[in-house]
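Here the structure comes first, spelled out in structure tokens, and everything after it is commentary.
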Amino acid sequence: MAELVFFTGTMDSGKSTLALQLDHNHNARGRAGLIFTRDDRAGSATISSRLGLKAAAVEVGQNTDLLNHVVQLMSAGGKVDYVVADEAQFYTEDHIEQLARMVDELSIDVYAFGITTDFRTRLFPGSKRLIELADRIEVLQVQTLCWCGARATHNARTLGGEMVVEGEQVVVGDTAVADEIGYEVLCRRHHRRRLTAARSGAAALSPDTLPFGAA
Ligand SMILES: Nc1ncnc2c1ncn2[C@@H]1O[C@H](COP(=O)(O)OP(=O)(O)O)[C@@H](O)[C@H]1O
Ligand SMILES: Cc1cn([C@H]2C[C@H](O)[C@@H](COP(=O)(O)O)O2)c(=O)[nH]c1=O
């Protein structure tokens, strides 16, 4: 039976990599797929992973009807066995409902990928609806780490390394950005205290400071 699966994890946890791997594996077995994305860092109509993989995708706009897009393709003789939906946190509730209908009415497997919460720990609308509707939620196995070594569970927005707590919910960006707006994954404890790596001084720590040379 077709299913709607939501793969989630913090930023930088390998979601887009997994999306591209999943697409590759299904394709290799003759299954026809369609990749949707919205506001990927690499630009419009692209799905990209930090491991260097990239592929063309259908860019989702505010008024895109995902179900209709697939129905049109199939009516024109196209085959769609599965759909990959990356950056799904940016989708509207309507988009997610269209994905669910794709599963139920067209028997297409839908694999959605995205972060659940924003820099203020609030659910994105697309992720909220996915949590409500998905048949299955899979948390990425690759754990990202807070600077303290604990598992990172939250996404902080930073400016020059300092955590910011005000601003628009959507600001496309990357981790490991020094001077401009960027993101850093943190454990809840340090997210709550607004303690980023730069603020804690952890970024300056180096194994060279260990007293290996001492008698
Ligand atoms: N130089 C590297 N060597 C090995 N793995 C890397 C390297 N750079 C990034 N990665 C892996 O890629 C992951 C990020 O993948 P990506 O698909 O871009 O994440 P997401 O879509 O969740 O933001 C990192 O967690 C890490 O496991
Ligand atoms: C926390 C947070 C993130 N974003 C943006 C930043 C990136 O463009 C994406 C996440 O991409 P990734 O592939 O999971 O790294 O989301 C945002 O707009 N608002 C936020 O609060």
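Atoms within a ligand are numbered from 1 in the order they appear, just like the ligands themselves.
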TODO: Please say which of S16, S49, S48 ends up in a side chain to side chain donor-acceptor pair (under 3.5 Å) with D86.
DONE: S16
Counting N and O atoms only, with roles assigned by atom type, does the side chain of [X] sit under 3.5 Å from a partner on the main chain of [Y], one being a donor and the other an acceptor?
X    : Y    : answer
D81  : G33  : no
W147 : E184 : no
T37  : E59  : no

Which ligand 2 atoms are under 4.0 Å away from a heavy-atom of [X]?
X    : result
F119 : 1 (C), 20 (C), 21 (O)
V172 : 8 (O)
N155 : 1 (C)
G173 : 6 (C), 7 (C), 8 (O)
R50  : 15 (O)
K15  : 14 (O)
Q169 : 17 (C), 18 (O), 19 (N), 20 (C), 21 (O)
F90  : 5 (C), 9 (C), 16 (O), 18 (O)

Open item on the list: Please report the interatomic distance CZ(R192) to CE(M163), rounded to the nearest 0.5 Å.
Closed with: 11.0 Å
Task: Nearest-0.5 Å distance, CG of residue N155 to CD of residue Q89 - done: 9.0 Å
In terms of residue, atom name and distance, what is the protein heavy atom nearest to [atom]?
atom                    : answer
atom 12 (P) of ligand 2 : R41 NH1, 3.6 Å
atom 17 (C) of ligand 2 : Y183 OH, 3.3 Å
atom 8 (N) of ligand 1  : R50 O, 4.0 Å
atom 5 (N) of ligand 1  : L51 CD2, 3.5 Å
atom 19 (O) of ligand 1 : G14 N, 3.0 Å
atom 18 (O) of ligand 2 : V171 N, 2.8 Å
atom 21 (O) of ligand 1 : S16 N, 2.9 Å
atom 14 (C) of ligand 1 : D12 OD1, 3.1 Å

Task: Proximity flag Q89 to ligand 2, non-hydrogen atoms under 4.0 Å - done: yes
Open item on the list: With the threshold set at under 4.0 angstrom, would you say E87 reaches ligand 2 through any of its heavy atoms?
Closed with: yes
Open item on the list: If hydrophobic clusters are built from ILVMFWY residues whose side chains come within less than 4.5 Å, do L130 and F7 share one?
Closed with: no
- [ ] Indicate whether any N or O donor in one side chain lies under 3.5 Å from an N or O acceptor in the other, for T10 and T144.
- [x] yes
Consider every N or O of [X] and every N or O of ligand 1, then say whether any pair is closer than 3.5 Å.
X    : value
V142 : no
T144 : no
S48  : no

TODO: For this output row, return yes or no: ring centroids of F36 and H69 closer than 6.0 angstrom.
DONE: yes
Distance filter under 4.0 Å to [X] heavy atoms, resulting ligand 1 atoms:
X   : result
T17 : 15 (O), 16 (P), 17 (O)
S49 : 17 (O), 18 (O)
K15 : 17 (O), 19 (O), 20 (P), 21 (O), 22 (O), 23 (O)
S13 : 19 (O), 20 (P), 22 (O)

Task: Residues Q169, R120; criterion side-chain contact (heavy atoms from CB on, under 4.5 Å); working and verdict - done: CA-CA 8 Å; Q169 184 175 50; R120 282 194 285 223; 5.5 Å; no
- [ ] Output every pair passing salt bridge (Lys or Arg N to Asp or Glu O under 4.0 Å) with a member in residues 33-43, not counting sequence neighbours, ordered by first then second residue.
- [x] R41-D174
TODO: Quick one: look at F124 and ligand 2, take heavy-atom pairs under 4.0 Å, and tell me if it's side chain, backbone, both or neither.
DONE: side chain
Task: Under-4.0 Å heavy-atom contact with ligand 2, by part of D118 that carries it - done: both
Open item on the list: Taking distance alone, with N or O pairs closer than 3.5 Å, would you say D39 contacts ligand 2?
Closed with: no
- [ ] Answer yes or no for atom 26 (C) of ligand 1: protein heavy atom present at a distance under 4.0 Å?
- [x] no
- [ ] Decide side-chain contact (heavy atoms from CB on, under 4.5 Å) for D23 and Y82; before the verdict, give the C-alpha distance in whole Å, the side-chain angles of both, and the deciding distance to 0.1 Å.
- [x] CA-CA 9 Å; D23 178 57; Y82 66 92; 2.5 Å; yes
Task: CA sep, side-chain torsions, deciding dist, call: L18, E138, side-chain contact (heavy atoms from CB on, under 4.5 Å) - done: CA-CA 12 Å; L18 180 62; E138 299 275 350; over 6 Å; no
Task: Derivation of the side-chain contact (heavy atoms from CB on, under 4.5 Å) call for Y91 and Q98 - done: CA-CA 11 Å; Y91 293 23; Q98 290 153 15; over 6 Å; no
TODO: Side-chain contact test, heavy atoms from C-beta onward, threshold under 4.5 Å: evaluate it for D12 versus Y183 and give yes or no.
DONE: no
- [ ] Check the surroundings of atom CZ in R50: do more than 12 heavy atoms from other residues, nucleotides or ligands lie under 6.0 Å from it?
- [x] yes
Task: G9 to ligand 1, any heavy atom closer than 4.0 Å - done: no
Open item on the list: Any salt bridge linking E97 with R101? Criterion: basic side-chain nitrogen under 4.0 Å from a carboxylate oxygen.
Closed with: no
